[in-house]
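Inspection log for the structure reproduced underneath, given as structure tokens.
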Amino acid sequence: MTSPLAFRGGPRAVTHPPPHANRTAFTPADRAAILAYLESREPNSYYGRDGILAEYEDHLASFLSRRYCILTNSGTNALHSAFFAAGIEPGDEVIAPTYTFHATVTPLFQLGAVPVLADAEPDTGNLDVADVRRKLTDRTRAIVVTHQYGHPADLPTLREVASSHGLMLIEDVSLAMGAILDGVRAGSVGDIACFSLGSTKLLSGGQGGALVMDDPVLHERATLVGHFSGRSFQTVQSPLLRQFASTGLGLNYRMHPLAVAVSMSRFLRMEELVAARAERFERLSELLAATGVIDPPATRPGVSRGSWQGYCARVRPEAGIAIDPLVDALRMEGLEVSARGYHLPLHYHRLFQTREDGLRRQGPYAPNRRTYRPGDFPMAEAHVDTLIGFPLFLDEPMELVEAYGYACQKVASRLGEVCAPSGGTV
Ligand SMILES: Cc1ncc(COP(=O)(O)O)c(C=O)c1O
């Protein structure tokens, strides 16, 4: 017999002091990398493609089997560079998942382009290709796709749809560095692949990002939007674009060299970091599977999740349990979990619901943008309604991870108390 639930006065299942996730888990090796850069006699990597910046770009390009890599100062700016390079113009439509972090899509507004949101697969939460096909119009120029929480999207089919309609395919690999689908790495398929190297990402340098590609024209355009002089003179060769190399095209997207040092140090230990995360999340999955109610994230055959950037368990819809009281009960047990994952789909956010942004005298910022409402994407909404977001364990003791699993088992074994027969909640 398990002890009473915490919300009924029983002992909390997890008593570790907060916060429970040391999400980036920087180590002495990261500190050493910063010091090595500071003490090197090579204070470059500011304007040119040289020093540790060039070294790291070469590593990333080769890891993803791509010809070019450009480091940027954020994942958001990597995506802006990619959309710019892809030639997205005002009024162009870009099909994008509604279930993604907003920065996968928001740089499109800066180009006056029209994000056309599409629904999600019910199990993985990734972009639903059937809905992508329904959203194609003669104004569609590109598809952008995220690999949610490390699970690669259906890249073979998306590649086929993009190629057969003459569209650019842009991958947002921010949550899936190192992920593999049937032997193919996420980030190696799209015309351009972008990723964040900032905040809580596995390869975080504090802030940073990158984009990779094979096409020299895309590379030149993506360089010129955020880099002037040194780097642009080194890499922009086509006569049309080279005439602007001294100034670039207006933005500064250069990554801070200290961030490069830390991010590269983590890249060089990536196997170890991925293994640490996989070990913890696989153990958690084992324990959740025994609850019979809270399923681990769905992982399809042939998939390896790489950085596992996010762990959202799913409450079985047929169990008929409301997510809020369940998550409340888990929180009372001491777990740092959140209902509906880490964020809502984009169509719940105001930016995607109104044209009246008041940002310009001549009208809305992206004049043709579409507006959405809750209810527009039933599969994404149903998926998100089942999600419980867990901490991003990385170097935490296995004992803590197991305490989370056992706490879920405890609450699952007393579900009748969590959701009172009257439908009342805790
Ligand atoms: C899927 C996804 N895309 C893009 C970004 C933006 O990256 P950054 O924060 O480095 O600008 C993030 C950041 O969390 C993300 O999760």
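Whatever order the structure lists them in is the order used to number ligands and atoms, beginning at 1. Numbers for residues simply follow the sequence, beginning at 1.
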*Could an N or O of ligand 1 be found under 3.5 Å from any N or O of Thr100, whether backbone or side chain?*
no

Charged N-O contact under 4.0 Å between [X] and [Y]:
| X | Y | value |
| --- | --- | --- |
| Asp215 | Arg66 | no |
| Arg340 | Asp385 | yes |
| Arg331 | Asp324 | no |

To which protein heavy atom is [atom] closest, and what is the distance rounded to 0.1 Å?
| atom | value |
| --- | --- |
| atom 9 (O) of ligand 1 | Ser196 OG, 4.1 Å |
| atom 12 (C) of ligand 1 | Phe101 CD2, 3.3 Å |
| atom 11 (O) of ligand 1 | Thr76 OG1, 2.5 Å |
| atom 1 (C) of ligand 1 | Asp172 OD2, 3.3 Å |
| atom 8 (P) of ligand 1 | Gly75 N, 3.4 Å |

*Under 3.5 Å, is there a donor-acceptor pair between the side chain of Asn77 and the main chain of Ser74?*
no

*Pick one of side chain, backbone, both or neither for how Ser74 approaches ligand 1, counting any non-hydrogen atom pair under 4.0 Å.*
both

*Apply salt bridge (Lys or Arg N to Asp or Glu O under 4.0 Å) to the pair Asp131 and Arg134, showing each step before the final yes or no.*
CA-CA 5 Å; Asp131 202 34; Arg134 284 192 286 273; 3.1 Å; yes

Out of all atoms in ligand 1, which are within 4.0 Å of some heavy atom of [X]? Include the element for each.
| X | answer |
| --- | --- |
| Leu175 | 1 (C), 16 (O) |
| Ala103 | 4 (C), 5 (C), 6 (C) |
| Thr104 | 1 (C), 3 (N) |

*Taking the six-membered ring for Trp and the single ring otherwise, decide whether the centroids of Phe352 and Phe109 are under 6.0 Å apart.*
yes

*Is it true that His219 and Tyr68 have ring centroids separated by less than 6.0 Å?*
yes

_Phe84 six-ring centre to Arg221 NZ/CZ under 6.0 Å and within 45° of normal_ = yes

*Does ligand 1 have an atom under 4.0 Å from some heavy atom of Lys201?*
yes

*Any heavy atom of Gly208 sitting closer than 4.0 Å to ligand 1?*
yes

